[in-house]
2 protein chains.
Amino acid sequence: MPHAPDPIRRRCANALRMLAIDAVQAANSGHPGMPMGMADIAEALWRHHLKHDPADPQWPDRDRFVLSNGHGSMLLYALLHLSGYDLPMDELKRFRQLGSRTPGHPEVHMTPGVETTTGPLGQGLANAVGMALAEKLLAQEFNRPGHDIVDHRTWVFLGDGCLMEGISHEACSLAGTWGLNKLVAFYDDNGISIDGDVKGWFGDDTPARFEAYGWTVIRNVDGHDFAALDAAIAQARKSGRPVLVCCRTQIGHGSPNRAGTADVHGAPLGEAEIALVRQALDWDAPPFEVPAELRQAWDAVERGGAQRRQWQQRFDAYARAFPELAAEFLRRRAGGTLREDTAAALARAVLDAERRAAKVATRKASQEFLDAVAPAMPELLGGSADLTGSNLTDWKGSRPLTGQGSGNHVHYGVREFGMAAVMNGVALHGGYKPFGGTFLTFSDYSRNALRMSALMRLPVVHVFTHDSIGLGEDGPTHQPVEHAHSLRLIPDLDVWRPADATETAVAWQQALQRGDGPSCLLLSRQALPHADGGQERADLIARGAYVLRGARDERVVLIATGSELQLALAAAQRLADEGIAARVVSAPCLEVFERQDEAYRRSVIPRHLPRLAIEAGRSGLWWKYVGEDGDVVALERFGESAPAPALLEHFGFTPQAVAERARRLLA
Amino acid sequence: MPHAPDPIRRRCANALRMLAIDAVQAANSGHPGMPMGMADIAEALWRHHLKHDPADPQWPDRDRFVLSNGHGSMLLYALLHLSGYDLPMDELKRFRQLGSRTPGHPEVHMTPGVETTTGPLGQGLANAVGMALAEKLLAQEFNRPGHDIVDHRTWVFLGDGCLMEGISHEACSLAGTWGLNKLVAFYDDNGISIDGDVKGWFGDDTPARFEAYGWTVIRNVDGHDFAALDAAIAQARKSGRPVLVCCRTQIGHGSPNRAGTADVHGAPLGEAEIALVRQALDWDAPPFEVPAELRQAWDAVERGGAQRRQWQQRFDAYARAFPELAAEFLRRRAGGTLREDTAAALARAVLDAERRAAKVATRKASQEFLDAVAPAMPELLGGSADLTGSNLTDWKGSRPLTGQGSGNHVHYGVREFGMAAVMNGVALHGGYKPFGGTFLTFSDYSRNALRMSALMRLPVVHVFTHDSIGLGEDGPTHQPVEHAHSLRLIPDLDVWRPADATETAVAWQQALQRGDGPSCLLLSRQALPHADGGQERADLIARGAYVLRGARDERVVLIATGSELQLALAAAQRLADEGIAARVVSAPCLEVFERQDEAYRRSVIPRHLPRLAIEAGRSGLWWKYVGEDGDVVALERFGESAPAPALLEHFGFTPQAVAERARRLLA
C-alpha cells in the first residue's frame with residue numbers, strides 16, 4: 001500500500017474494505033473488488049465532502065449519492081453503517097439474505113440512505129442526471145436572493161460497465177447540454193471488467209468523450225492518493241459544468257493475489273486470501289468488528305446534524321420571508337401530496353372531457369387534459385423524446401427547459417431510455433412530477449427504466465402515443481403489436497389504454513393521483529369517437545374495466561380497449577340488429593381492474609357467457625379473461641405500411657369481422 | 001442553389017429530390033426533408049463510389065449501403081429505381097400503400113437492394129457495424145495472397161437522431177476498437193430534429209466524440225458541394241479506421257419556404273410549395289417522370305455488371321486455386337445451408353446429452369453442446385456482453401476476437417443492445433451464424449433489436465442465462481419475472497426454456513437449423529436434474545411441448561418449463577403416492593408447439609382435464625393453456641435478494657406447494 005499522509009484515512013478506507021470482504025465471505029456471494037478499489041475515493045468523499053445527516057435521510061437539501069456500479073453494494077452499506085445511518089452491523093452480517101436490508105444490489109426504500117435502486121448498469125448515472133436536473137430546477141424556482149435553500153450536489157460512483165452502456169451517452173449528453181454543474185461522477189478506472197482487461201473491448205478515450213459532452217474532466221487522478229482526491233474534489237466543486245473525475249484504481253486493492261484481476265470482481269476472496277489481506281492491511285480486528293477510533297472517525301451524525309440544523313435555520317428565515325413558497329417547497333418533496341385544489345381540477349377536467357363528448361385522438365385528449373390541469377399542478381415536468389408535436393406532451397403555457405434551468409417541458413432529444421431513467425431520478429429527488437412521451441413501439445428502448453420505475457414504485461407517467469397499427473404508413477417498425485401486453489407483464493406498472501377523451505382524462509387523473517407506482521398511457525394517433533356512458537362513467541373507468549353497454553338477455557360479452565372499443569360497440573349494434581344481445585365491456589386498465597374485489601370483477605366479466613376480446617395487438621393475456629371457449633380478435637403478426645383504414649380492414653378490425661367472430665362463439 | 005461544377009450531377013440529385021417529393025405527396029404521408037437534404041451526398045456516393053450490381057442484389061462482394069435514418073426511405077427507393085434495381089416507377093407511386101415494395105421505412109427482403117430494415121433510430125448504424133465486422137472476418141478467413149475475394153465497404157447514412165441514441169455509442173465504440181476501416185458513415189448534420197433546432201437538446205461535439213472512439217473524422221464537409229464530397233470520400237477510402245464524414249446540409253434543400261425547418265421533416269410539402277420547388281430546381285418534368293438523360297446518367301447496370309463480372313473472374317481463379325475454400329465461401333452466404341456433416345453433429349450432441357443424463361445447469365449444458373458441435377460449424381460467431389464466464393458462450397477452441405479481425409468469440413463489452421444489433425448486421429451480411437449472451441433480465445436493454453431480428457427473420461440466437469429467481473442473491477434487478485412471456489409476445493421469435501441438458505441440446509439444434517428467424521435460449525444458473533424420457537424424447541422436444549410422464553386414469557395435467565419441470569415431476573410423484581394420477585408435460589418452446597397440428601396439441605394438453613402450469617415468472621400467457629378453471633404456480637411480483645433455495649421456498653416453488661395447488665384443482 002502506498003504510504004498515506006494521514007494514516008487514519010487509510011485505516012478508515014480499510015474499514016470499508018474489510019466490511020465488504022467479510023460480508024461477501026459470510027454470504028458466500030457478492031462483489032468485493034469494487035468496494036476494495038473505490039474505498040479510498042469513498043473515504044475522501046464521504047468523510048470530507050458529502051453533505052448528509054444520517055439521522056434524517058430525507059432531509060431535502062442533502063447531497064445525493066448514487067452508486068451506479070451497484071454490484072459494489074457492500075461499499076455503500078459499509079458507508080451507511082459507519083456514518084451512523086440506521087443500518088446495524090447485524091444487517092451487514094445478513095448481506096444478501098432473505099428479508100435483510102442489505103440486498104445484493106442497493107434498493108431504495110429498503111435501506112436508509114440509499115437514494116436509488118441500481119444494478120442494471122448505466123441507469124444509476126442517468127438517475128443522478130435526473131436528480132441534478134431536479135435540484136437545478138428547484139433552485140431556480142424556490143431560491144431567492146440571500147435564501148439558497150436548494151443547494152446540494154449529486155455524486156456518482158461508476159465503472160467501465162456504466163460507461164460502455166448506451167444510456168451513459170444519452171444521460172451524459174443531456175447533463176452537458178443542461179450544464180448540470182452540481183453533478184460530479186467518479187470513474188473507477190480499474191481497467192477490468194468481468195471478461196478481463198477492458199482493452200480488448202473498450203478502447204474509448206473516455207476523458208475526450210466527456211469533454212465532447214461539455215463536461216469538465218479531471219484526468220489521471222490516483223484513486224488511492226487522498227491528496228490527489230482532495231484536490232480533484234476541490235476542483236470539481238468549482239466547475240461550472242458537470243464533472244467526471246477519472247480515478248485510476250486497482251480493483252480489489254489490498255488483496256495480495258487477486259488485486260488487479262477479474263477474479264476479484266464478483267466472488268468471495270476465500271479464507272486464505274482474506275488472511276493475507278488482513279496481513280497486508282495490518283488489520284487485527286475480527287470479522288465485522290471496527291476499532292472504536294475508526295468508528296468515531298467515520299461517525300457523521302454530529303457533523304451532519306449540525307449541517308442540517310444550519311439549513312433548518314436558513315429555511316426558517318426563508319419561511320418567514322416567503323411563507324407561501326416555503327409551504328409549497330415542503331409539499332413538493334418526494335412522496336409529497338397534491339395541492340388541495342388539484343383533485344378538484346382533475347375531476348373537473350374529467351367532467352369537461354365527458355361533457356365535450358368530442359371525437360378526438362386520445363393523444364389530443366391527453367393534451368387537452370394537461371391544458372386544463374397544469375395551472376393547478378406546478379409540479380408537472382413534461383417532456384418528449386423528440387416527438388413533442390406527435391406525443392402532444394406540451395400544454396398551453398408550458399415552457400421548454402433551457403440551459404439556464406428553468407422551464408417545465410423537457411426536450412429530451414431522441415433518447416427514450418435516457419428520458420425514462422432521468423424521469424426516475426427526478427421522481428426520486430422530489431420536487432417534480434415527471435412525465436415523458438415517445439411512440440409506444442419505442443417503449444422497447446426504455447423498457448428496463450420502466451421496469452426500474454415499477455420496482456422502485458415511482459410515481460412517473462409514461463405517455464406512449466401511436467399505440468397500434470392505427471398509426472398507419474410508418475409501418476411495422478413503428479407499429480406496436482406486442483407492447484401493450486409486454487408492459488402489462490411488468491409488475492406494479494399500471495397500463496392504461498383509454499378509448500376516448502373521458503377515459504383518457506380518468507387515466508391521467510388516476511396516474512397523477514397514484515403515489516406508489518408508475519403508469520403508462522397508451523394513446524391513439526387517430527381520432528376516436530366519444531363512448532356514451534352516462535354520468536357515472538368516470539367512477540367506473542377508475543375501476544379499470546366496466547360495463548359500457550348492457551342489454552337484457554345478453555348472450556355474448558365483447559371486451560375491448562382503446563381504439564377497438566368503437567369496433568365492439570358497432571359489432572354489438574350489428575348483433576343487436578340480428579337479435580343477439582351483446583354486452584360491451586371497456587377495459588382501459590387491467591391492473592386496476594385486478595385490484596377490484598372479485599364480486600365486481602365477476603359482475604363485469606361474467607364467466608357464464610361466451611366472451612370475445614378485441615385489441616389490435618397480440619392475444620397474449622386476454623385468454624385469462626375470455627377463457628379457452630372464448631376468442632380474441634387480435635393481431636398475432638407484425639403490421640404493414642399502409643394507410644390506417646386499409647390496415648384495419650386488412651387485419652380484420654372491422655365491425656363485420658368482429659360481429660362474425662362473436663357469432664361463431666355462439667355456434 | 002449553389003452553382004454546380006457539373007450540372008448533370010446537380011440534376012441527378014434533383015431527380016432524387018423530386019421523386020421523394022412526388023411520392024410523399026402522392027402518399028400524403030412521409031418524410032421529404034431528409035431525401036432533399038442528402039440527395040447530393042447520395043449522388044456522390046451512389047454514382048461514383050458504391051460497388052453494386054442492380055441486376056444481382058445478392059452479389060456477395062457488393063458494398064453494403066445502410067440508411068440508418070430510415071424515415072428518409074424515399075431517398076433509397078429513388079436510388080434503387082434510378083440505378084436499375086427491380087423497383088419500377090409504379091412501386092414508387094405506391095409509396096406507403098398496402099402490398100407495395102416501398103413501405104414507410106425500408107424493409108429487407110421486401111425491396112431488392114435494401115440491406116436491412118431501419119426505422120428505430122441508431123440500429124441501422126449498429127447493423128452496419130455488424131456488416132463491416134462480418135466483412136473483416138470473412139476477408140481474414142477466406143482471402144489469400146493475390147485473391148482478395150472479400151473486399152467491400154459498408155456505407156451508412158445517419159442523422160442527429162441516430163447519434164443521440166445510446167446504441168450509437170455502443171456500436172461506434174466497438175467499431176473503433178475493432179478498427180473497422182471499411183465502414184464509412186455520412187452524418188447528415190442539418191441541425192434540425194423533429195422538435196426543432198437541436199441546439200437545445202444536442203450539444204455534443206460529435207467529431208470529438210467519434211475521435212474519442214478511434215474513428216477518422218472528416219469535418220465540415222459541405223453536403224451540397226460535390227467537389228467537397230468527392231474529396232471526403234477519397235479521403236475516407238484511405239483511412240485505416242472507421243470514418244465519420246460530417247456533412248453540413250440543409251434539411252429540405254430546394255424548398256424555398258421550408259428548407260432548414262422542422263416542418264419539412266415529416267410532412268408532404270403540399271402542391272403550392274412543390275410548384276415553388278420545381279421553379280427553384282428548374283425542374284420541368286411532370287411528377288414521377290425523369291428525363292432520359294438523367295435516367296441514363298443514373299443507370300448503374302452496366303458499370304455494376306462489369307464490376308461483378310470482374311469479381312466473378314477473380315473468384316473463378318480463386319476457386320481453381322482453392323476449391324474447398326471457394327465452396328465453403330459460397331455455402332456461407334446469407335441464407336446459406338448447413339454443412340452436410342452439421343446435422344449429424346447436432347443430432348449426435350443431442351444424443352450425447354441424453355446419454356450423459358447429467359445434473360447440470362442448462363447454461364453449462366449449452367456450453368457442452370457448443371463444445372461438441374463447434375468443430376462442425378466454422379460459421380459460429382459467439383459472444384457475450386461481458387458475461388462470458390457466466391453465460392458460458394465460449395467453447396473449447398473458441399478464439400476471442402482481436403482487433404486484427406480474427407477470432408470467433410466476441411467480447412462485446414457491457415453493450416447488450418449493441419451486441420444484438422451487431423449480430424443482426426452480421427446475419428444480414430452473411431458468412432457467420434451469430435449468437436450472443438447476457439442475463440435474461442438484460443434482454444430488456446436489447447429488446448428492440450430482438451424485435452428487429454424477428455421482423456427481419458434473421459437466424460440469430462440469443463443466449464439468456466440466469467433465467468429466474470433461481471439466480472439467487474443478485475436480487476430483483478437481476479431476476480427476470482416478466483421476461484419469458486414478454487419475449488414470447490414478439491412475433492416470429494422462438495423462445496426456448498429447456499429443462500435439462502437434453503432439452504438444451506435440442507433447443508440449440510432447432511435454433512441453429514432455423515433459417516427463417518431468431519431464437520432465444522433461456523438458461524438456468526443452477527444445476528437441473530436430467531428428466532428421464534426415453535429414446536424418442538429428442539423428437540418430442542423438437543415439437544415444442546410433449547408428454548414427459550403419462551399415467552393411467554390421469555386426473556390432472558402439470559405443465560412446466562425449465563427449472564420448474566423437476567418441481568412438476570416431484571409434485572406428480574407426491575400426488576401419485578396419494579393415488580392421484582398426474583400427467584407431466586414439458587413445454588420448452590410454446591412457439592414451436594403452436595406450429596404443430598391441433599391434434600398433436602390437444603393430445604399433449606387435453607382440454608378435458610384440469611391443468612396447472614408451473615413457471616417461476618408471471619402467469620401471463622399460461623391462461624391460454626390451462627383455461628380459466630386451471631391455475632398457474634407463478635410469481636406475479638418482483639423477486640428478492642437471497643440464496644436461491646430460500647427464494648424458491650419463499651415464493652412457493654416447492655413440490656409440496658405445487659402438489660397442493662394441483663389438489664385444489666380437483667376439489
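For the numbers below, each heavy atom of this structure counts, side chains included, while hydrogens, waters and symmetry mates do not. Chain identifiers are assigned alphabetically (A, B, ...) following the order of the sequence lines, protein sequences preceding nucleic acid strands; residue numbering begins at 1 within each chain.
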| request: Would you please test B:Trp201 and B:Ser193 for side-chain hydrogen bond (donor to acceptor under 3.5 Å, both in side chains) and show each step? | output: CA-CA 10 Å; B:Trp201 47 89; B:Ser193 66; 3.0 Å; yes

| Side-chain heavy atoms of A:Asp474 within contact of B:Arg96, under 4.5 Å | yes

| field | Contacting region of B:Ser29 [heavy-atom separation from chain A under 4.5 Å] | value | side chain

| field | 4.5 Å side-chain heavy-atom contact, B:Phe95 and A:Ser641 | value | no

| message | Among A:Asp629, A:Leu647, A:Leu455, A:Thr388, which residue has the highest count of heavy-atom pairs closer than 4.5 Å to chain B? | response | A:Leu455

| field | A:Pro106 portion near chain B, given a 4.5 angstrom heavy-atom threshold | value | neither

| A:Thr177 versus chain B, the contacting section by heavy-atom distance below 4.5 Å | side chain

| query | Checking heavy atoms, do the side chain of A:Val198, its backbone, both or neither come under 4.5 Å from chain B? | reply | neither

| task | Identify the heavy atoms of A:Gly639 and A:Val481 that sit nearest to each other, and give their distance. | result | N-CG1, 4.4 Å

| Which heavy atom of A:Ala420 sits nearest a heavy atom of A:Leu450, and at what distance? | CB-CD2, 4.5 Å

| Sole residue of A:Leu163, A:Asp204, A:Thr206 in side-chain contact (heavy atoms from CB on, under 4.5 Å) with B:Ser173 | A:Asp204

| Can we call the ring centroids of B:Phe417 and A:Phe417 under 6.0 Å apart? | no

| query | Contact part of A:His483 toward chain B, heavy-atom cut-off under 4.5 Å: side chain, backbone, both or neither? | reply | side chain

| said: Less than 4.5 Å to any heavy atom of chain B: does that hold for the side chain of A:Asn28, its backbone, both, or neither? | reply: neither

| Heavy-atom contact with chain B under 4.5 Å, split by part of A:Glu211 | neither

| said: Which one wins on heavy-atom pair count under 4.5 Å against chain B: A:Gly627, A:Ala208, A:Ala449, A:Ser486? | reply: A:Ser486

| message | Checking B:Thr393 against B:His409 for the side-chain hydrogen bond (donor to acceptor under 3.5 Å, both in side chains) test, could you report, in this order, the C-alpha distance in whole Å, the side-chain angles of both residues, the deciding distance, and whether it holds? | response | CA-CA 8 Å; B:Thr393 45; B:His409 187 271; 3.0 Å; yes

| query | Which residue out of B:Gly30, B:Ser619, B:Pro491 racks up the most heavy-atom pairs below 4.5 Å with chain A? | reply | B:Pro491

| said: Taking every non-hydrogen pair under 4.5 Å, which of B:Gly214, B:Ser446, B:Pro643 racks up the most with chain A? | reply: B:Pro643

| Checking A:Ala454 against chain B: side chain, backbone, both or neither under 4.5 Å from a heavy atom? | both

| request: Under 4.5 Å heavy-atom distance to chain B, tell me which part of A:Arg94 shows up: side chain, backbone, both or neither. | output: neither

| said: So for B:Phe202, is it side chain, backbone, both, or neither that comes closer than 4.5 Å to the heavy atoms of chain A? | reply: both

| message | Taking side chain as everything from C-beta outward and backbone as N, CA, C, O, which of these in A:Ser168 sits under 4.5 Å from a heavy atom of chain B? Side chain, backbone, both or neither. | response | side chain

| Options A:Asp195, A:Thr441, A:Asp205, ranked by heavy-atom pairs under 4.5 Å with chain B, top entry | A:Asp195

| query | If you count heavy-atom pairs under 4.5 Å with chain B, which of A:Arg488, A:Glu170, A:Met452 comes out on top? | reply | A:Glu170

| query | chain A: which of B:Glu636, B:Lys199, B:Arg447, B:His485 shares the most heavy-atom pairs with it under 4.5 Å? | reply | B:Arg447

| message | So for A:Phe638, is it side chain, backbone, both, or neither that comes closer than 4.5 Å to the heavy atoms of chain B? | response | both

| request: Name the option with the most non-hydrogen atom pairs under 4.5 Å to chain A; the candidates are B:Gly104, B:Pro120, B:Gly475, B:Gly203. | output: B:Pro120

| task | Give the member of B:Gly389, B:Pro476, B:Gly70, B:Pro103 that has the highest number of heavy-atom pairs under 4.5 Å with chain A. | result | B:Pro476

| message | Under a 4.0 Å threshold between the charged nitrogen and the carboxylate oxygen, would A:Asp386 count as salt-bridged to A:Arg415? | response | no

| task | Count the heavy-atom pairs under 4.5 Å between each of B:Arg618, B:Glu165, B:Glu107 and chain A, then report the option with the highest count. | result | B:Glu165

| Check: A:His265 ring centre within less than 6.0 Å of A:His71 ring centre | yes

| note | Cut-off 4.5 Å, heavy atoms of chain B, and the answer for A:Gln479 is backbone

| request: Please state whether the side chain, the backbone, both or neither of A:Leu174 comes within less than 4.5 Å of a heavy atom of chain B. | output: side chain

| task | Let me see the working for A:Gln123 and A:Thr118 under side-chain hydrogen bond (donor to acceptor under 3.5 Å, both in side chains), right down to the final yes or no. | result | CA-CA 7 Å; A:Gln123 283 191 71; A:Thr118 55; over 6 Å; no

| said: With salt bridge (charged side-chain N to carboxylate O under 4.0 Å, His left out) as the rule and sequence neighbours excluded, what pairs involving residues 638-650 of chain A come up? | reply: A:Arg637-A:Glu640

| task | Could I get the full list of side-chain contact (heavy atoms from CB on, under 4.5 Å) partners for B:Arg602, not counting sequence neighbours? | result | B:Glu598, B:Arg607

| request: Determine, for B:Arg451 against A:Glu482, whether the closest basic-nitrogen to carboxylate-oxygen distance falls under 4.0 angstrom. | output: yes

| task | Considering non-hydrogen atoms only, spot the tightest contact between B:Ala646 and B:Ala642 and give its length. | result | CB-CB, 4.4 Å

| Given the options A:Leu121, A:Thr102, A:Val632, which has more heavy-atom pairs under 4.5 Å with chain B than any of the others? | A:Leu121

